[in-house]
Amino acid sequence: MHFTLQTRNKTWMPAINLRIVGLMVYIMACPASSMDVLVNNQINVLNGTVVKIQCIFTSCYKMDVNKFAMNWTYQENTNETEEMFMTYKKGMMPLRVARFTDRVQFVGNLEKNDLSITLSDVQLSDEGIYNCYVRNPPDRIQGHGIINMFVVTELPPPRDSTIAVAVGASVGGVLALLILSMVVVKCIRRHKKQELISDEQKMEEEGKLDAEGGTEDGTKKAFLPEDV
């Protein structure tokens, strides 16, 4: 999995364009499945930075702000209890939760079905499962997106691409030799086949000439005068 690292107070997480994915899912889903929630199922965040937790939903029905409902909850990895920290019912209402204090902010856009949030000054204790619940009547299905967030204290060491390049070059060389060998073998077989065809044609022509010569001799003998 590839990760995009940005400057401090930015998100360190997989670079995935959920809006493009959401549009594709929307086109394929309607009308068979009219609700879908698109999230990054796993994100890795550097301690002390700001993370954007994305949640985008697709629906065949236009949002009615008077009926639409949304909940964000947090769940520890070792606990099944979910703690709601943001909700929407005729208006966005961030809830005061001791765990997050004032570090959570809604940064989505309801007109674009974007329910994303940001969590600032990420702490090790913020690691866990984040749930995005969506209800958009008349959809009967309640959308649910699950994000597993892991908090790291340092960046992973950069990968040494030398080995990868060497392996790639070796594999490429082997494939090139294999293709070249196949071409050579094919050319040799074709050449032999052409030689066989030429030999057969030559033998056939010689046979015809022999047959014609025999016929001519026979004709001459037939008209030779008889000995008196």
Side-chain angles (χ1 to χ4, degrees), residues 3-19 21-22 25 35-59 61-155:
F3 298 97
T4 300
L5 175 62
Q6 301 178 353
T7 57
R8 186 174 178 82
N9 293 333
K10 297 289 184 180
T11 304
W12 180 47
M13 58 184 296
I16 300 175
N17 194 327
L18 290 180
R19 291 182 180 178
V21 177
V25 173
M35 166 68 74
D36 204 350
V37 177
L38 308 168
V39 297
N40 294 318
N41 297 116
Q42 178 178 320
I43 57 176
N44 296 270
V45 186
L46 187 62
N47 185 39
T49 61
V50 175
V51 59
K52 180 179 180 180
I53 307 178
Q54 290 184 303
C55 178
I56 298 173
F57 76 95
T58 62
S59 176
Y61 301 101
K62 187 176 181 180
M63 180 192 297
D64 185 343
V65 294
N66 295 318
K67 298 179 180 179
F68 176 78
M70 180 275 296
N71 290 328
W72 272 101
T73 69
Y74 168 80
Q75 175 184 346
E76 293 181 350
N77 290 321
T78 57
N79 193 339
E80 296 183 356
T81 302
E82 297 183 26
E83 186 176 14
M84 186 166 61
F85 59 86
M86 182 169 293
T87 185
Y88 181 95
K89 289 182 180 179
K90 298 183 180 181
M92 193 64 64
M93 294 183 293
L95 305 178
R96 282 190 168 274
V97 178
R99 175 184 298 276
F100 301 126
T101 58
D102 296 325
R103 296 185 293 128
V104 176
Q105 183 179 358
F106 178 78
V107 293
N109 186 336
L110 294 179
E111 293 182 357
K112 297 182 179 180
N113 296 353
D114 187 350
L115 308 176
S116 303
I117 60 172
T118 58
L119 176 61
S120 60
D121 191 20
V122 174
Q123 306 297 316
L124 294 176
S125 58
D126 295 332
E127 185 170 288
I129 301 171
Y130 291 76
N131 298 282
C132 179
Y133 294 98
V134 185
R135 183 174 291 279
N136 185 44
D139 271 329
R140 297 181 179 180
I141 301 174
Q142 174 178 269
H144 182 198
I146 303 174
I147 306 103
N148 289 279
M149 190 175 82
F150 298 92
V151 182
V152 298
T153 56
E154 60 182 9
L155 301 178

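One-based numbering along the sequence shown.
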Quick one: does [X]'s side chain get under 4.5 Å of [Y]'s, heavy atoms only?
X	Y	result
Ile129	Asn77	yes
Val39	Gln54	no
Met63	Asn113	yes
Phe57	Met35	yes

Ignoring hydrogens, what is the shortest heavy-atom contact between [X] and [Y]? Give both atom names and the distance.
X	Y	answer
Phe106	Ser116	CD1-O, 3.6 Å
Gln142	Tyr133	NE2-CD2, 3.6 Å
Ser59	Asp139	OG-OD2, 2.6 Å
Val151	Gln123	CG2-O, 3.5 Å
Val50	Asp121	CG2-N, 4.3 Å

Atom pair [atom1]/[atom2] of [X] and [Y] - distance to nearest 0.5 Å:
X	Y	atom1	atom2	answer
Thr118	Lys52	OG1	NZ	9.0 Å
Asn148	Phe150	CG	CZ	5.0 Å
Ile53	Leu115	CD1	CG	13.0 Å
Cys55	His144	SG	NE2	9.0 Å
Glu83	Tyr74	CD	OH	8.5 Å
Gln105	Ser120	CD	OG	8.0 Å

Classify the side-chain pair [X]/[Y] by whether it contains a donor and acceptor separated by less than 3.5 Å.
X	Y	answer
Asn47	Thr153	no
Asn40	Gln42	no
Thr73	Asn71	no
Glu82	Tyr130	no

Check step by step if side chain to side chain contact (heavy atoms under 4.5 Å, CB included) holds for Asp64 and Phe68.
CA-CA 6 Å; Asp64 185 343; Phe68 176 78; 5.9 Å; no
Could you go through the side chain to side chain contact (heavy atoms under 4.5 Å, CB included) check for Ile117 and Phe85 one step at a time?
CA-CA 11 Å; Ile117 60 172; Phe85 59 86; 3.5 Å; yes
In sequence, state the C-alpha distance, the side-chain angles, and the governing distance for Arg99 and Asp126, and then conclude on salt bridge (Lys or Arg N to Asp or Glu O under 4.0 Å).
CA-CA 8 Å; Arg99 175 184 298 276; Asp126 295 332; 5.4 Å; no
Name each donor-acceptor pair under 3.5 Å that joins a side chain in residues 88-97 to protein atoms two or more places apart or in another chain, with its distance.
unit_1: Arg96; atom_1: NH1; unit_2: Asp102; atom_2: OD1; d: 3.2

Among Leu38, Ile56, Val107, the one residue meeting side-chain contact (heavy atoms from CB on, under 4.5 Å) with Asp114:
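Exactly one pass, corresponding to Ile56.
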Measure from the side-chain N and O atoms of Thr101 to the backbone N and O of Ala98, and report whether any donor-acceptor pair falls under 3.5 Å.
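Flag not set: sc Thr101 to bb Ala98 has no pair under 3.5 Å.
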